[in-house]
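Working notes, beginning with the structure itself.
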Amino acid sequence: MAYEIKCSVCGQPSENLLDFKCSSCGQPLDMQLLFDFKLEKIFRNRYDVWRYATFLPYVKKTEIITLGEGWTPLIKFSENVYFKLENLNPTGSFKDRGSTVLISALHKLIEKARGYVSEDSSGNAGASMAAYAARAGLRAKIYVPETVCGPKFNQIQFYGAEVTKVAGSRARVAEEAQKVEEGKFYVGHIFHPLFRDGIRSLAYEMVEQLNWNVPKSVYLPVSAGTLLLGVIGGFKHLRDSGVLDEIPKIVACQTEQVSPLYHRFKNLSYAPPEKITSVADALVSTNPPLLELMVERLKEVNGDSIMVSENEIIGAFKELAKKGFFVEPSSAVAYASYKKQLEDGKTSKDDPATIVLTGTGLKTILRPD
Ligand SMILES: Cc1ncc(COP(=O)(O)O)c(C=O)c1O
Ligand SMILES: [Zn+2]
């Protein structure tokens, strides 16, 4: 076997690609790769996530469901700063990397069982999963909080997904989505290890597009942690395969309001606000199920975490737009964090940095002044 999926807490192996949590203790599952990344195994004539199909061994090459995701531009913003334009993915965010991999791996199994996919998200992940289910010809049911509205919710519905509104907390929405029902296959992006694993491709691209060099640091906005864990997984694979000598400094960027990882990482106590009002409306996980795993992995790779204020986020969002980069306020959190680290002397203008711009500004609910 080229890979093993195991519980991140008790180590119990999972034999079924449909499993989304440990059958023994209920904790998150984690992908372990038992093969090396080899440059000669890249499909050099493909310019999407599937350029790295060899390194996603649980997907049959004949069963790939794609909308052209990945191989997004890495462009030079200033002397030493690069932007990875994940906003240019087919549904407008990095989530498409996870969805293409997860749906490609599972759609035949679900189709055979005449089933449908279930996901809980009113945001980019919901939109992305709805799009890839549509592309695969699968029915999708997306569970959302009752209060949902805005462009992402419209997008979910236009892709043809069925929507179920759930009253109560975000955890209640997840519970409903996971509730066992005839024909239902839960593919929730936060729990499912294949979704996170698809995001590994982002690390491969960042390095290949820099001609197999690494930036000194990489800035990522963090909420549920799929982006962070996926990218760390990719860099670790490259290092363990001998492609890289070291992993860049991974900086996990959060908002002051939603900063459970920042606080845990710095050994500080965290009290979430009663109501989240941040402009970074995609970053809402105050109690993420993957928190322990995030802390462990971020420490393992000697990463860092930072949080930024609303003013800093809005300033970064506006500055990016005025320079031609119209991204979500949640994505601007990473740029705001970079600027703050420059100010604090934690990084220098001479050190190469890559900032991942995770989602398109066309989905924002903000209005111009
Ligand atoms: C635009 C955008 N950026 C960043 C994130 C954070 O990703 P994660 O939840 O995987 O930490 C999200 C998650 O919804 C998002 O939509
Ligand atoms: Zn377990």
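Indexing begins at 1, ligand by ligand and atom by atom, following the structure's order. None of these values were measured; they are calculated from a predicted model. Sequential numbering from 1 along the given sequence is applied to the chain's residues.
- Scanning L261, N124, L228, D281 for the heavy atom closest to atom 16 (O) of ligand 1 points to N124.
- Under the 4.0 angstrom criterion for non-hydrogen atoms, K95 is in contact with ligand 1.
- Under the 4.0 angstrom criterion for non-hydrogen atoms, S93 is not in contact with ligand 1.
- The local environment of NZ in K346 is sparse, with at most 12 non-hydrogen atoms from other residues, nucleotides or ligands closer than 6.0 Å.
- Between C10 atom SG and C25 atom SG, the angle centred on the Zn ion (ligand 2) amounts to 120° (nearest 10°).
- Under the 4.0 angstrom criterion for non-hydrogen atoms, L283 is in contact with ligand 1.
- A donor-acceptor pair under 3.5 Å links the side-chain atoms of S8 to the main chain of P28, judged by distance alone.
- The closest approach between a heavy atom of G123 and any atom of ligand 1 is not below 4.0 Å.
- Cation-pi geometry between R51 and W71 is satisfied (NZ or CZ under 6.0 Å from the ring centre, within 45° of the ring normal).
- The protein heavy atom nearest to atom 3 (N) of ligand 1 is T358 OG1, 2.7 Å.
- For the side-chain hydrogen bond (donor to acceptor under 3.5 Å, both in side chains) with E328, the lone residue among T360, T358, N124 that qualifies is N124.
- Using a 4.0 Å cut-off between charged side-chain N and carboxylate O, R297 and E292 make no salt bridge.
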